[in-house]
Visitor: 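Okay, handing you the structure first.
Lettering follows sequence order; numbering is per chain, from 1. Just the heavy atoms: all of them, side chains too, but no hydrogens, waters or symmetry mates, feed the values below. None of the values given here were measured: they were computed from a predicted structure.
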Protein chains: 2
Amino acid sequence: MDLDLRKLRYFVAVAEHLSFGRAAEALHIAQPVLSRQIRAFEAELKVQLFDRSSKGTSLTPAGTQLLADARPLLAQASALLRRVGVADTFTVGFMPGLIVTPAVRVLTSRHPGLRVEVLRTTWEDQVEVIHDGRVDVGYVRLPVPAAGLSIMPLFSEPRVAVVPATHRLAGKESVLDADLSGERRVQHTDPPGFRSVEEKLEHVAMHGGVAVLPLSTAVFYSRDDLVHVPIEDIAPNEVALAWASHRHTPLIAEFAEIVTEIARQV
Amino acid sequence: MDLDLRKLRYFVAVAEHLSFGRAAEALHIAQPVLSRQIRAFEAELKVQLFDRSSKGTSLTPAGTQLLADARPLLAQASALLRRVGVADTFTVGFMPGLIVTPAVRVLTSRHPGLRVEVLRTTWEDQVEVIHDGRVDVGYVRLPVPAAGLSIMPLFSEPRVAVVPATHRLAGKESVLDADLSGERRVQHTDPPGFRSVEEKLEHVAMHGGVAVLPLSTAVFYSRDDLVHVPIEDIAPNEVALAWASHRHTPLIAEFAEIVTEIARQV
DNA sequence: CCAGGTCCATACCTCCAGGGTATGACAGAC
DNA sequence: GTCTGTCATACCCTGGAGGTATGGACCTGG
C-alpha cells in the first residue's frame, strides 16, 4: 500500500547500471536479492520495469517514466532526513569550476559505509540547497546572504574576461575593467537561457560580447574558440565552504577540517 | 537507512489526531502497534516527535517541523504511484464551490478499504493536478485545454456579478453584461494576491469593483457585505468531470458513473 | 478516597519480507 | 564444445510489523 523507498532506490540503481550484478555490488547486497526485490517491485506496481536478457538489461517505457519520477522523490526524502538531522548520505554542493573530488575522496576513505554525493549548483541555488537540506555543505562563491549560514573562506581567485579567440582583447596579457566598457557583458542576472556557464559561453562564442568569470570556472569550461585574460582591477572572487549554522553535525565539522587541510597543502 | 513511508504516514496520522488511540483506529491498526512504530521512528530519527501525557499528546518543535515536510513528501509518493497506475488512494480534485461529498460518500461506501481524498484546486492548477497525478479525477470548470483529457460535461450554471452590498447594482433582479462596463472587474488572470476566490472577494469588499463568478462559487463563498446578481447575457459556466485519458482505471470509470447517477437525480 | 475511564506503554506471540548462500538456466565468445 | 557473464531459482535465517492481553499513570465523579 505504501511505496517502499528501499525498492525504489534499488530500482534506480539497476536503471543506472543497467545490470543487476553491478547494481547489487554498488548497493552492497547480493545479486539474487536484488533480482527478487525488483521482481517483487514489478509485481506490486503491476508493471514491467526492465527487459532482461542474458546479455544486459534495458528499461521499458514504464521503467523510463518511473526513473524520472523516482529521482526527485528520493532526493526529497533524503532532504527530509537531513533536515531532521539524520545522515543517510552526505551531499556536497559546488559551483561550476570548483574541485571537490579530493576532499570527497578523503571523506569516503575515512567512512567506508557512508554514501557521499555531489550536487552541482548555480548562482541561483547555491544557498538554497544548503537551507532546504539538499546538501550538507556547499562550496559557494561569495558574496552570499549570510543569514543562517556558517561560512569558512577558502581562497580568492582572480576574475578573467572570456572572449572569442578572434576578439581584439584576445592576445593581451591582462586587461583593465575599463577596457571592457562598450562590450556586451553576459551576466548571471540575465534571463533564463543565459544562466548556466555553458549557455553564457555559447552566447559569447556565437554573438560576441564578454563573460566575466572566476579563473577556475573559465579554465574548467575552456573551449577552443574562446580565450580568457585576467582582469587586473576587479575584486577577486572569494570561494568559501558554507553550511546551515543550526546544524552542527560531526560529519560537517570533519569535512570542513579536511577541506582546510587540503587547502593548506596547495 | 531509508526513510520508511509507512512510519511517516503513521506519524502524520498521530500528529493530526493528537491521539494514539484515535489515530490507530483511523489507520486500522491496533494502538500498541502504533505506539511502538512511533517510538521506533523516533529512535531512528534520534528525535522526540511527541510529548506524551496520560491526557493527550502534543507535537514537539521537531515534530511540527517534520509534519510540514512529511505531507508534501507523502503527496509526491502518492502521485508517483498514481502515475504508474497503482491506486493507494483515490483523490478527487474540485474547483471552489463544487460539491463532491455525495459522490465521494457513495464511492467510499462501495469500497470500504479505499482511502478517498479530496483536493481543492484553482483556475491555475485544476488541469495540472490531473496530469501530474495528484488527483485521479477532477471537477473542472470549462474551458480547459483538452489535450490528453477525457471530459464528461455535467451541468451548466449561470454566472453572477458579485458586488458590495452598497453597490448601485446590489438590489437588481438581474443585470446585463453592458451594465458592468466601467466597473473594475477582478479576474483570475490578475497577478498573485488576487488569485483565490477569497482574495478576489476581499478586494471587491474593500475597494469596490465587481467579480464575475459561477453561481455556486458565489453562493459557497457568500459574505454578509457582498451580494450577487445574475448576469443574463453571458455564457453560462460549464462544469465537467475530467481525467487523464491515458488512464482507464476501473475506479475512475465507477466514479464517473456515480457522478452521472447523482447528476441525474438532481 | 476509591472506582472507573482514558490514555499510552510493555510483554509476548506469529508471520512474512528481506537478507544471505548455493546453484541452475541461458546466451554469446572463443 | 567449453568458458564466462548474465539473471533466476531454491533454501535458510533473522528482524520487524502485525496481533492480543495487560499494566501503569492520570483525571474525574461520587
Side-chain angles (χ1 to χ4, degrees), chain A residues 1-60 62-63 74 77 81 86 88 112-113 115, chain B residues 1-60 62-63 74 77 81 86 88 112-113 115:
Chain A
M1 193 152 185
D2 284 293
L3 180 64
D4 185 341
L5 290 189
R6 178 194 292 117
K7 291 202 179 93
L8 192 65
R9 183 163 57 84
Y10 287 180
F11 161 75
V12 171
V14 175
E16 284 177 346
H17 289 87
L18 289 178
S19 156
F20 282 72
R22 283 193 298 280
E25 194 178 358
L27 293 170
H28 303 108
I29 60 172
Q31 168 266 316
V33 175
L34 184 55
S35 255
R36 199 195 324 140
Q37 292 294 333
I38 298 293
R39 282 209 168 288
F41 197 36
E42 288 177 322
E44 285 170 24
L45 301 181
K46 299 183 189 66
V47 168
Q48 187 173 349
L49 299 171
F50 294 103
D51 286 321
R52 294 111 159 130
S53 78
S54 53
K55 194 64 183 175
T57 298
S58 64
L59 278 167
T60 63
L74 290 173
L81 286 177
V86 179
D88 68 330
R115 293 208 300 261
Chain B
M1 194 151 185
D2 284 293
L3 179 64
D4 185 341
L5 290 189
R6 179 195 290 114
K7 292 202 179 92
L8 193 65
R9 183 164 56 84
Y10 287 0
F11 160 74
V12 171
V14 176
E16 284 176 346
H17 290 87
L18 290 178
S19 154
F20 282 72
R22 284 194 298 279
E25 192 180 358
L27 293 169
H28 303 110
I29 60 174
Q31 168 265 315
V33 174
L34 184 56
S35 254
R36 200 192 325 138
Q37 293 292 334
I38 297 294
R39 282 212 167 284
F41 198 36
E42 289 177 321
E44 285 170 24
L45 301 182
K46 299 183 189 65
V47 168
Q48 188 174 349
L49 299 172
F50 294 104
D51 285 321
R52 292 111 158 132
S53 75
S54 51
K55 194 66 184 176
T57 299
S58 64
L59 278 167
T60 63
L74 289 173
L81 286 177
V86 178
D88 67 331
R115 292 208 299 261

Visitor: Send over the distance from B:I29 CD1 to C:dC8 C1', rounded to a whole Å.
Guide: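 For the pair B:I29 CD1 and C:dC8 C1', the rounded distance is 14 Å.
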
Visitor: Distance check needed: C:dA17 P versus A:Y10 OH, whole Å only.
Guide: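 After rounding, the gap between these two atoms is 15 Å.
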
Visitor: Is any side-chain heavy atom of B:F50 closer than 4.5 Å to one of B:L59?
Guide: yes

Visitor: Take the protein atom CD of B:Q31 and the nucleotide atom P of D:dT22, then report the distance between them rounded to whole Å.
Guide: 15 Å

Visitor: Check DNA chain C against residues 40-50 of chain A and give the residues with a non-hydrogen atom under 4.0 Å, in numerical order.
Guide: none

Visitor: Applying side chain to side chain donor-acceptor pair (under 3.5 Å), name anything that partners B:E16, two or more places apart in sequence or on another chain.
Guide: B:R71

Visitor: Name the closest nucleotide to the A:D4 side chain, picking from D:dC7, C:dC8, C:dG18.
Guide: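 So the nucleotide nearest the side chain must be C:dG18.
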
Visitor: State, with a plain yes or no, whether a side-chain heavy atom of B:F11 is found less than 4.5 Å away from one of B:D4.
Guide: no

Visitor: Within the sub-3.5 Å range, which N or O atoms of nucleotides 24-26 of chain D have a protein N or O partner, and how far apart are they?
Guide:
unit_1 : atom_1 : unit_2 : atom_2 : d
D:dC26 : O4'    : B:S54  : OG     : 2.8

Visitor: Is any side-chain nitrogen or oxygen of A:S35 closer than 4.0 Å to OP1 or OP2 of D:dA8?
Guide: yes

Visitor: From the set C:dC8, C:dC12, C:dG20, return the single nucleotide nearest to any side-chain atom of B:R36.
Guide: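 Closest nucleotide among those given: C:dC12.
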
Visitor: Tell me which residues in residues 11-26 of chain B put a heavy atom below 4.0 Å from DNA chain D, sorted by number, or none.
Guide: none

Visitor: Over how many whole Å does the gap from B:L27 atom CG to D:dA17 atom P extend?
Guide: 14 Å

Visitor: Can you check the B:L34 CG to D:dG19 C1' distance for me, whole Å?
Guide: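 From B:L34 CG to D:dG19 C1': 14 Å.
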
Visitor: For B:R52, what residues pass the side chain to side chain donor-acceptor pair (under 3.5 Å) criterion, not counting sequence neighbours?
Guide: B:E42

Visitor: What closest approach, in Å, do B:V47 and B:A62 show between heavy atoms, and which atom pair accounts for it?
Guide: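 Answer, listing the atom of B:V47 first, then B:A62: CG1-CB, 3.2 Å.
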
Visitor: To the nearest angstrom, how far is B:D2 atom CG from D:dG16 atom P?
Guide: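 Atom CG in B:D2 sits about 14 Å away from atom P in D:dG16.
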
Visitor: Do any side-chain nitrogens or oxygens of A:R6 fall under 4.0 Å of OP1 or OP2 in C:dG19?
Guide: yes

Visitor: Using only side-chain N and O atoms of A:Q37, determine if any of them is under 4.0 Å from OP1 or OP2 of C:dG19.
Guide: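 Looking at the OP1 and OP2 atoms of C:dG19, one of them is under 4.0 Å from a side-chain N or O of A:Q37.
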
Visitor: It should be established whether B:R39 places a side-chain nitrogen or oxygen under 4.0 Å from OP1 or OP2 of nucleotide C:dA9.
Guide: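 For C:dA9, OP1 or OP2 has a side-chain N or O of B:R39 closer than 4.0 Å.
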
Visitor: Counting only heavy atoms not in A:E25 (residues, nucleotides, ligands), do more than 12 fall under 6.0 Å from its CD?
Guide: no

Visitor: If you round to the nearest 0.5 Å, how far is CG of B:L5 from CG of A:D2?
Guide: 6.0 Å

Visitor: Just how far is it from atom CD1 of A:I29 to atom CG of A:L34, taken to the nearest 0.5 Å?
Guide: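 If I round to the nearest 0.5 Å, the distance is 4.5 Å.
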
Visitor: Less than 4.0 angstrom between a side-chain N/O of A:R52 and OP1 or OP2 of C:dC26, yes or no?
Guide: no

Visitor: At less than 4.0 Å, is any side-chain N or O atom of B:K7 found next to OP1 or OP2 of D:dA17? Yes or no.
Guide: yes

Visitor: Pick from B:R9, B:R6, B:Q37: which one makes a side-chain contact (heavy atoms from CB on, under 4.5 Å) with B:L27?
Guide: B:R9

Visitor: Identify whether any heavy atom of B:D51 sits under 4.0 Å from a base atom; if not, whether one sits that close to sugar-phosphate; answer base, sugar-phosphate or nothing.
Guide: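 Counting heavy atoms under 4.0 Å across all strands, no contact is made by B:D51.
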
Visitor: If I take atom CG from residue A:L8 and atom CZ from residue A:F41, how far apart are they, to the nearest 0.5 angstrom?
Guide: 5.0 Å

Visitor: Going from CG on A:L18 to CG on A:D51, what distance comes out if it is rounded to the nearest 0.5 angstrom?
Guide: 11.0 Å

Visitor: Using the ring pair (Phe, Tyr, Trp, His ring centres under 6.0 Å) criterion, which residues pair with A:Y10? Sequence neighbours excluded.
Guide: none

Visitor: Among the candidates C:dG20, D:dG19, D:dT9, find the nucleotide nearest to the side-chain atoms of B:A30.
Guide: D:dG19

